[in-house]
Asks: 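First, the structure itself, so that you have it in front of you.
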Amino acid sequence: MQGTIISLKGVNKIYKTGDTTITALDKTDLELRKGELTLIMGPSGSGKTTLLSIIGCVIYPTEGEVYFLDRKVTDLNENELAAIRLDQIGFVFQQFNLLEPLNALENVMQPMVLQQLPKTEVRTRAKQALEKVGLLDRMENLPKKLSGGQKQRVAIARALVTNPPIVLCDEPTASLDAKSATVIMEELKELAKEGKAVIIVTHDLRLRKFADRIIYVEEGKVSNTISNEEEYK
């Protein structure tokens with residue numbers, strides 16, 4: 001399908017512990033497209049994070065095929081998956097995952113340092129990413145000197161600095177007040193409008209109004225997706 005970034009075909013995830021078999025994710029077919037902000041919602045333990053981990057090339061499915069930009073990633077080895085995660089996917093986490101000894105600019109620089117890009121380019125692009133989220137004036141601040149909303153915006157800048165086609169967010173607003181959450185979601189919504197695929201796992205019902213599409217997961221089963229317009233009919 002035109003515009004598809006990630007495609008899951010007959011994908012599931014099953015864990016076995018002794019005689020116990022746990023289906024974390026039932027067989028799923030799913031396409032995620034550029035230009036859309038998609039929410040993945042459901043109760044705790046429903047399989048949301050498992051689904052996000054498969055989409056993000058963090059874990060292999062037990063069965064099925066995963067395609068990233070038409071490339072079959074389920075045939076790739078761990079090093080090849082790691083390269084995709086570094087170069088093609090931006091991750092934003094609930095707890096920010098900033099490196100405490102580094103300031104905001106240095107945190108944003110880290111993905112490009114791992115890519116071994118020239119130092120001058122790394123610094124320039126990191127500044128541009130911080131400017132995009134309105135935090136260039138805080139670039140020398142350590143994480144402990146930033147508010148929760150500012151930390152999350154630094155995390156978004158870090159996720160965007162390599163210009164990935166897909167941004168994956170795991171509960172990005174759970175630790176934020178309503179005002180900060182709105183700022184973060186407006187920034188993520190703008191990324192979708194710019195053509196990126198933005199996928200957010202969340203319990204936060206406040207976020208539904210920002211979604212182009214909502215996917216519900218319960219007991220490992222992924223529901224038919226619905227548009228935001230259908231949600232509010």
Asks: Between Lys189 and Asp212, is the closest basic N to carboxylate O distance under 4.0 Å?
Replies: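 Salt bridge present between Asp212 and Lys189.
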
Asks: Salt-bridged, Lys144 to Glu100, with N to O below 4.0 Å?
Replies: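 Salt bridge: no.
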
Asks: Determine whether Thr23 and Asp26 satisfy the following criterion, side chain to side chain donor-acceptor pair (under 3.5 Å), listing intermediate values before the conclusion.
Replies: CA-CA 6 Å; Thr23 300; Asp26 215 338; 6.0 Å; no

Asks: State which residue, out of Thr202, Asp204, Thr182, fulfils the side-chain hydrogen bond (donor to acceptor under 3.5 Å, both in side chains) condition with Thr173.
Replies: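 It is Asp204, the one option of Thr202, Asp204, Thr182 that forms the side-chain hydrogen bond (donor to acceptor under 3.5 Å, both in side chains) with Thr173.
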
Asks: Is there a side-chain contact between Thr50 and Ile59 (heavy atoms, below 4.5 Å)?
Replies: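 In short, these two side chains touch, coming nearer than 4.5 Å.
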
Asks: Val66 vs Lys72, test: side-chain contact (heavy atoms from CB on, under 4.5 Å). Steps then yes/no.
Replies: CA-CA 6 Å; Val66 180; Lys72 188 177 178 183; over 6 Å; no

Asks: Are the side chains of Arg138 and Leu146 in touch, meaning some heavy atoms are under 4.5 Å apart?
Replies: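 Heavy-atom side-chain distance check passes, below 4.5 Å.
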
Asks: Membership question, hydrophobic clusters at under 4.5 Å side-chain separation (ILVMFWY): are Val58 and Tyr15 in the same one?
Replies: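 Result: yes, single cluster for both.
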
Asks: State yes or no: do Ile6 and Leu81 share one hydrophobic cluster built from I, L, V, M, F, W and Y residues joined by side-chain heavy-atom distances below 4.5 Å, directly or via other members?
Replies: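 Yes, because Ile6 and Leu81 connect within a single hydrophobic cluster, where side-chain heavy atoms sit under 4.5 Å apart.
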
Asks: Just so I know, are the side chains of Leu51 and Ile40 near enough to count as touching, which here means a heavy-atom distance under 4.5 Å?
Replies: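 Yes, side chains in contact.
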
Asks: Tell me whether Arg153 contacts the main-chain N or O of Val133 through its side chain, where contact means a donor paired with an acceptor under 3.5 Å.
Replies: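 Yes, Arg153 side chain to Val133 backbone: donor-acceptor pair under 3.5 Å.
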
Asks: Test your reading of the model: is there a side-chain donor-acceptor pair from Gln152 to the backbone of Phe93, 3.5 Å cut-off?
Replies: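 Yes, the answer is positive, given that a donor and an acceptor are paired below the 3.5 Å cut-off.
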
Asks: Taking all atoms of both residues into account, what is the closest heavy-atom pair of Phe96 and Arg158, and its distance?
Replies: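 In terms of heavy atoms, the two residues are closest at O-NH2, 2.8 Å.
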
Asks: Given 3.5 Å as the limit, does a donor-acceptor pair link the side chain of Glu171 with the main chain of His203, or not?
Replies: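 Yes.
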
Asks: Take Leu32 and Ile215, measure what side-chain contact (heavy atoms from CB on, under 4.5 Å) needs, and give me the verdict at the end.
Replies: CA-CA 11 Å; Leu32 297 165; Ile215 298 168; 4.2 Å; yes

Asks: Compare all side-chain heavy atoms of Ile84 with those of Ile89 and state whether any distance is below 4.5 angstrom.
Replies: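 Yes, close enough: below the 4.5 Å cut-off.
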
Asks: Does Glu63 use its side chain to pair, donor to acceptor, with the backbone of Gly10 at less than 3.5 Å?
Replies: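 Pair absent, no side-chain N/O of Glu63 close to backbone of Gly10.
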
Asks: Closest approach of Val11 and Pro61, non-hydrogen atoms and distance?
Replies: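 Nearest pair, atom of Val11 first, then Pro61: CG1-CB, 3.6 Å.
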
Asks: Could you please spell out the steps behind the salt bridge (Lys or Arg N to Asp or Glu O under 4.0 Å) verdict for Arg213 and Glu36?
Replies: CA-CA 7 Å; Arg213 190 158 56 128; Glu36 286 187 346; 3.3 Å; yes

Asks: I'd like to know if the side chain of Tyr60 and the backbone of Lys13 have a donor-acceptor N/O pair within less than 3.5 Å.
Replies: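 Side chain of Tyr60 to backbone of Lys13: no pair is present.
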
Asks: Testing the basics here: between Val108 and Met112, what is the closest heavy-atom pair and its distance to 0.1 Å?
Replies: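 Answer, listing the atom of Val108 first, then Met112: O-CE, 4.3 Å.
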
Asks: A side-chain contact here means heavy atoms from C-beta on lying under 4.5 Å apart; do Ile184 and Leu188 qualify?
Replies: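 The answer is yes, as the side chains (C-beta and beyond) meet within the 4.5 Å cut-off.
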
Asks: Crowded around Asp70 CG? As in, over 12 foreign heavy atoms under 6.0 Å?
Replies: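 12 or below, so no.
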
Asks: Between the main-chain N or O of Asn103 and the side-chain N or O of Asn107, is there a donor-acceptor pair closer than 3.5 Å?
Replies: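 Between the backbone of Asn103 and the side chain of Asn107 there is a qualifying donor-acceptor contact (under 3.5 Å).
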
Asks: Ignoring hydrogens and angles, write down the donor-acceptor pairs under 3.5 Å from the side chains of residues 119-127, residues two or more places apart or on other chains.
Replies:
residue	atom	partner	partner atom	Å
Glu121	OE2	Arg125	NH1	2.8
Thr124	OG1	Thr120	O	2.9
Arg125	NH2	Val161	O	2.9

Asks: For the hydrophobic clusters of this structure (ILVMFWY residues joined by side-chain heavy atoms under 4.5 Å, transitively), does one cluster hold both Val113 and Leu105?
Replies: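 Linked, Val113 and Leu105 end up in one cluster.
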
Asks: Hey, are the side chains of Leu37 and Lys193 touching, using non-hydrogen atoms and a 4.5 Å cut-off?
Replies: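 No - every pair of side-chain heavy atoms lies 4.5 Å or more apart.
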
Asks: Count I, L, V, M, F, W, Y as connected when their side-chain heavy atoms are under 4.5 Å apart, and connections chain through other members. Are Leu168 and Val73 then in the same cluster?
Replies: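 Looking at the clustering, Val73 is in the same group as Leu168.
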
Asks: Got a sec, which residues hit side-chain hydrogen bond (donor to acceptor under 3.5 Å, both in side chains) with Arg71, two or more places apart in sequence or on another chain?
Replies: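 Expected list: none.
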
Asks: Is there a side-chain contact between Thr162 and Gln115 in this structure, where contact means two heavy atoms from C-beta onward sitting under 4.5 Å apart?
Replies: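 Yes, at least one pair of side-chain atoms sits under 4.5 Å.
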
Asks: After noting the C-alpha distance and the side-chain angles of Asn163 and Lys196, does the key distance pass the side chain to side chain donor-acceptor pair (under 3.5 Å) rule?
Replies: CA-CA 9 Å; Asn163 194 28; Lys196 296 187 185 299; 2.8 Å; yes

Asks: Ignoring hydrogens, what is the shortest heavy-atom contact between Lys209 and Arg206? Give both atom names and the distance.
Replies: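 The pair with the smallest heavy-atom distance is CG-O, 3.7 Å.
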
Asks: Has the side chain of Arg33 got a donor or acceptor atom that lies under 3.5 Å from a matching backbone atom of Ala197?
Replies: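 Between the backbone of Ala197 and the side chain of Arg33 there is no qualifying donor-acceptor contact (under 3.5 Å).
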
Asks: Only one of Ile166, Ile5, Val198 clears side chain to side chain contact (heavy atoms under 4.5 Å, CB included) with Lys34; which?
Replies: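 By the side chain to side chain contact (heavy atoms under 4.5 Å, CB included) criterion, Lys34 pairs with just one of Ile166, Ile5, Val198: Ile5.
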
Asks: Can you hop from Val154 to Leu136 via hydrophobic side chains spaced under 4.5 Å?
Replies: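 Val154 clusters together with Leu136.
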
Asks: Considering all heavy atoms of both residues, which atom of Leu52 and which atom of Cys169 are nearest to each other, and what is their separation?
Replies: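 For Leu52 and Cys169, the tightest heavy-atom pair comes out as CD2-O, 4.1 Å.
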
Asks: Quick one: closest heavy-atom pair of Phe91 and Gly56, and the distance?
Replies: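 Here Phe91 and Gly56 meet closest at CZ-O, 3.6 Å.
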
Asks: Would Glu218 and Tyr216 satisfy side chain to side chain donor-acceptor pair (under 3.5 Å), going step by step from the backbone distance to the final call?
Replies: CA-CA 7 Å; Glu218 190 164 3; Tyr216 289 102; over 6 Å; no

Asks: Within the 4.5 Å heavy-atom criterion, are Leu69 and Gln88 side-chain neighbours or not?
Replies: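 Result yes, sub-4.5 Å side-chain heavy-atom pair found.
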
Asks: Let's go through Met41 and Val217 carefully: what are the C-alpha distance in whole Å and the side-chain angles of both, what is the deciding distance for side-chain contact (heavy atoms from CB on, under 4.5 Å) to 0.1 Å, and is it a yes or a no?
Replies: CA-CA 6 Å; Met41 306 191 77; Val217 186; over 6 Å; no

Asks: Any salt bridge linking Glu194 with Lys132? Criterion: basic side-chain nitrogen under 4.0 Å from a carboxylate oxygen.
Replies: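 Looking at Glu194 and Lys132, the cut-off is met.
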
